[in-house]
Structures are given as C-alpha cells and as structure tokens.
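Chain A is the first sequence line, chain B the second, and so forth, proteins listed ahead of strands; every chain is numbered from 1.
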Amino acid sequence: MATQKTLAATGNVLVAEAMRQCAPDVMAAYPITPQTTIVEEFAKFVAQGRVHTEYVTVESEHSAMSACVGASAAGARVMTATSSQGLALMWEELHIASGMRLPIVMANANRALSAPINIHCDHSDVMGARDTGWIILFAETAQEAYDNTIMSVRIAEHPDVLLPVMTTLDGFITTHSIDRAQVMDDETVAAFVGDYHPDLALLDDTKPPVSHGNFAGLGGPYFEFKKAQRNAIDRSAAVIKSVGEEWSAICERPFGVIEGWGMEDAELAIVAIGSTAGNARHVARELRAQGVRVGVLKVRVFRPFPFAEIADALGGCKAVAVLDRSESFGAEGGPLFLEVRSALYDRAERPAIVDYIYGLGGADVKLELMRRVFSDLSDIADGAEVPGRLVYLGAR
Amino acid sequence: MQQLTEIRWHARAGQGAVTAAKLVAETALELDQYIQAMPEYGPERMGAPIQAFTRLSEDPIEIHCNIEDPNVVVILDETLIAIVDVTRGLVDGGAIIVNTCSPPAVVRRALGLGEGVRVACVDASGIANEALKRDMPNTPMIGALVKVTGVFELEAVIAHLTKTFGKKFSQEVVDANIAAVTRAYEEVQVA
C-alpha cells in the first residue's frame, strides 16, 4: 500500500530523493549552482549504497550529456541534472539525445544565462532548449518537482514516446527553499516506474545487433527521422496525461498539463509557468474575495505545448496576460507569449492579450507586480489600449 | 494564530539566521502547519548583512517571493539597525524582536516605531555566550520569537531541537541550546 511521509525539504533534496527512488543505472553529472545539491545528494546516496547507480564524474556538462547518451544507447536508465551555462554547454548533445530517441531524464534548475553573470532564477536556459526535441515540464513547487521527476521516467521510457525529458524547477526559489512536501515510499515508486527494458540497446546481445546515430546524409532517412521525432512528441501528449492520471491516483495530487484556478468564469487571466503561478494565484484569491472575476492558468507541460487546452481555457476571457521569465529578443514577445497567442489564433473569439517579461536574473516577483498586472488587465477589459507589445514588469 | 505569518530575519552571515528560519519552519511542520524557509542568496561572506524568511500557515502557501510586509522582524545583530532598513514593510500590529542589551523603549525610539508595533528586546548574545560559550544568538532568538508571537509553545521548540540537534550534536550541546532558548523565552522584554 502506498504510504507518504510529510517532510520539510528543499526542491533539490526532493528531486535527488525522487531520482534515488527511480534507481537509474547511470548518472553522469557536473555540478553547477543552483543544481549542485541535487547531484551532491545523489552522490551521497551512491556512496551510502542506498542506490546502485554508476555515478560518472565528468569534467563538463558537454561530457555529462555525452556520457548520458552513450549509457542510454547502451541500454541503461540514465539521469542527470544541470542548470544555465551547463545546459547551454550541452546544446549539441541535447539534439543527439532526442534524435537518437534516448529516454534520458534530466532535472534543470532554471537559471539566467550570462552576460552579465547571474546565478538566479529565470527561464532563459530552458527556453533556449525548447526546440531541441526534449519534453519539457515546469514545476511550481518542490512537491511538483519531486512528482514530475518520477513521472518523467515513465513518460520518457514509454514505447510510444522514447524521448528525453527535462524536468525543471526554479533556481533558488524552488531548488533552495524549504517547503512542506510528501515523499512516497520506495516500493510504490519502484513499482510505478517499473524496470527499463529497451528494445534496441547496444549492449543487449540477446537480440540482433543494432547501431545508433548513424550517418543519414543526402538521400538518407534524416528527414524521416525528424518526422518520426515530431510524431513521437505529439504522441507524448496522451502519455503525459495518462501517466499524470495514474500517479495522481496513487499520491492524490493533480497533474493536468495545464492547471486552471478560477478559469471557469474568469474575465481576466494570468498565464504563468513555474513558481510564479503561485504568486499570481495568491493575488487572484484576494481579488476574487473582492468579487473580481480573475483566474490563473499554469502551464505545467511546455513541450509538447498544450495548444487546445490553453485555447479552451482562455477562450472566454476578456483580457489575458502572459508572464514570460525569459526573452526571445527581436520576437513579438517571450516564448510563452508566442505559444499562447498562437494557440488562440484559430478561435473566433479571442481575448486581448499582453506579454509581460518579468523576473529576469531572479528579480523578485513581488505580489505587488501581480496586482499591477491584474489592474492593467482590468483597464484593458474596460477598453484601455494594450500597453505596447510587451511590458518589462518591474524593471527600473 | 492568523492565517499567514511572515517572519523576516536580519543578521550577519555566520550568526545562524538561516538555521533559525529553518528550525522555526520545521517546528511548525511538526504541528501540521504549512511552511516555507529560505535565505536570500547573495554573495556569501562571513559578517555580511543577510536576510532570511519563514512563512507559517494553516493552509498551503503559494507565494514564492521575498517577504516585503512581515508580521515579525527578528534582528540577530543590532548594528544592522543603522545600515539596513529593518522595519521596511512591517505591518501594523506586528512585532520586532532585537538581540540587544537596550530596553524596548530605547530601541523603539531608535527605529522611530509607532505604538502599532510591539518591540521586544533580549540579550541573546549574552545568553549564548553564557550557555553556548560563543556568540551564536540564533537559538535564543527563537525562544524570544515564540514568547512574543505565540506561533507555538516553547515545548514544541524544545522537542524539535532535541530531535534534530540530537542527531548532530552531543547531549551537552543540545542541553545548552535548550537552556539558551528557555532563558531567552523567560527574559525577553516586550513593550
């Protein structure tokens, strides 16, 4: 029977605990703030014999992901974790992992990219990897970071999917804050994720030999490989939902690809990802108590992007604010805004929509900023002009 | 207890404020409350001014930002009063607790605080020097916090310290900390 233990822990400690419970065969990782305590905790579990993982210490993130690719192709269950510049340094291997259809699970502690140098939270690192073919999940809380890590294994290794999954949590805000969370017993997690039996492992000599990542040049199947990747990530949407429902039935926490609060009759809505969704919801509760019809839509799954669900949820709103914690310099807005606006394009009734770039480099997401956004939305719903194509929220 | 209690800790790095923020949260968790504890991460230099935060609530806490409008401010080093805006955002009806030998009236004047805020003073460094043989004012300040705010009973802190410190430290250290917490609880002056 599933039993859960309530404890006070940081997001990173919980991610490391989830990884231990999923028992990867191989972890190859390089430490980087604010991811460090994940790999530190995990290394401790290995040293204590609490998990039987081949822990590969490498000299860079480029090597970390290279080792992960090799180990995963060999047939191992593989995990790693990184952040910011580390994720950027993995760039070419990220494409190799997804192109070779390797179900690697990687936690990312969301952090700004240099320059100027900054170790604090934003989503520039992950959003830079949004087109690498990885499934991307965002956690609002330490609890969700724990749950997403466990679900990632099932999603990645599902035969309809076979894609790497990036499970992300906000640097410092979620990685380092102590929060109340529930941890499942080891047996239940082990049973949930099951054993990994890949069909096409390099080291499986009970089957005909295979090779991975071959040359597929002009006239070769490169184009068709990419089409297969597109089909796989499209199929993953249904898997993410069903795995979420299955884990939800065990732990009694909800895991929609999006999570709406007050969206049934909201006129004004904020769309957010990561920890900021909680700040927006806290303010939305205050405004609801005053009779203002506000809602908050959290996007938990960024790749594959839940277009239809988001369009359905926002269809009835008068004005919508999208909060982007990263830039897409020169684009019409941040990455989340571009997707949300695109999701609404086919709808006959479209709300007014405005993009807010906020919290870059860990700029504190004060509740006052959330109040200002709802206040702007209220003005827009009353006929005020949308304040430019994007607003730098709270910038001096 | 009100729905959400927000505690902001001001200290110098090395005084144990982050541990104190965490101990208070963990104690509340044992009483089945929802909690958050986090430092504000910056350059980590011994002696530099730092802030830490604790949130306590009967309901799940959804906010993820620094504490701007605290119910309680705890100051582990009184020299910070001159260089940090320690009372920033402190709500009416709130409390400020200072590690100092000065009486509350003097501190109230120094901070320019009105009657709406309670001022509490305790010589936490003095207590720590005697009980712990070093100036580590964090655990005594928890004793003062508990007395002033009533967030939970002194016994809850002692039980939690016994459990967690008992895993890391000798019985002598555990007892000294409990003595320090208890003395600060008894000696804190509120006005």
Side-chain angles (χ1 to χ4, degrees), chain A residues 5-11 33-34 109 111 117-121 139-144 169-182 253 259 261 272 274-286 289 296 298 325 358-359 362-371 394, chain B residues 3-9 17-45 50-71 88-89 91 152 156-157 159-161 163-164 167:
Chain A
K5 189 172 67 182
T6 301
L7 44 76
T10 64
T33 301
R111 170 187 147 179
I117 197 163
N118 183 297
I119 59 167
H120 292 281
C121 176
E140 177 186 334
T141 59
Q143 178 73 68
E144 215 168 68
L169 61 165
D170 284 349
F172 289 108
I173 299 165
T174 314
T175 60
H176 283 60
S177 292
I178 292 169
D179 212 338
R180 173 173 163 149
Q182 289 191 305
R253 292 181 288 274
E259 278 176 31
W261 185 90
S275 59
T276 301
N279 295 21
R281 208 183 297 110
H282 184 88
V283 169
R285 285 181 206 277
E286 292 174 0
V296 174
K298 174 173 88 178
R325 203 162 195 165
Y358 77 98
D364 197 26
V365 187
K366 299 180 196 327
L367 299 181
E368 194 45 49
L369 297 176
M370 300 295 105
R371 293 190 189 105
Chain B
Q3 209 179 17
L4 175 66
T5 302
E6 297 192 300
I7 305 166
R8 190 171 69 212
W9 306 77
V18 176
T19 302
K22 183 178 157 190
L23 283 170
V24 170
E26 287 172 348
T27 306
L29 178 77
E30 297 204 1
L31 301 168
D32 202 29
Q33 291 180 15
Y34 287 85
I35 53 112
Q36 256 180 24
M38 67 278 188
E40 184 179 59
Y41 283 90
E44 288 163 32
R45 311 178 300 266
I50 64 125
Q51 295 183 81
F53 311 98
T54 307
R55 287 192 175 94
L56 312 174
S57 176
E58 300 290 344
D59 301 314
I61 301 167
E62 296 179 300
I63 316 171
H64 301 281
C65 55
N66 292 347
I67 293 177
E68 294 297 317
D69 306 306
N71 307 94
R88 176 175 45 87
V91 301
F152 34 70
V157 179
H160 183 69
L161 277 178
K163 195 165 111 183
T164 54
K167 284 182 203 158

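To the nearest 0.5 angstrom, B:L29 atom CG is 10.5 Å from A:I178 atom CD1. How far CD1 of B:I61 is from NE2 of A:H282: 10.0 Å, rounded to the nearest 0.5 Å. Taking CD1 of B:I63 as the reference point, atom OG of A:S275 lies at 12.0 Å (rounded to 0.5 Å). Distance check, rounded to the nearest 0.5 Å: CG of A:L7 to CD of B:E30 gives 11.0 Å. With rounding to the nearest 0.5 Å, the separation of CD in B:E62 from OG1 in A:T141 is 10.0 Å.
Residue contact with chain A, scored on non-hydrogen atoms closer than 4.5 Å, involves the backbone and the side chain of B:A37 alike. For B:D69, no part lies under 4.5 angstrom from a heavy atom of chain A. Looking at A:D179, both its backbone and its side chain come within 4.5 Å of chain B, counting heavy atoms on both sides.
Of the listed residues (A:R285, A:E140, A:E368), the greatest number of heavy-atom pairs within a distance under 4.5 Å of chain B belongs to A:R285. When A:V283, A:L367, A:V365, A:N279 are compared by the number of non-hydrogen pairs under 4.5 Å with chain B, A:N279 comes out ahead. Taking chain A as the reference chain and counting heavy-atom pairs below 4.5 Å, the highest number among B:E26, B:M38, B:E68, B:K22 is found for B:E68.
Using modelled atom types, one side-chain atom of A:R180 and one backbone atom of B:Q33 make a donor-acceptor pair closer than 3.5 Å. The main-chain N or O of B:C65 is never found under 3.5 Å from a side-chain atom of A:D364 such that the two would form a donor-acceptor pair.
Note: B:Y41 and A:H176 meet the aromatic proximity criterion, with ring centroids under 6.0 Å apart.
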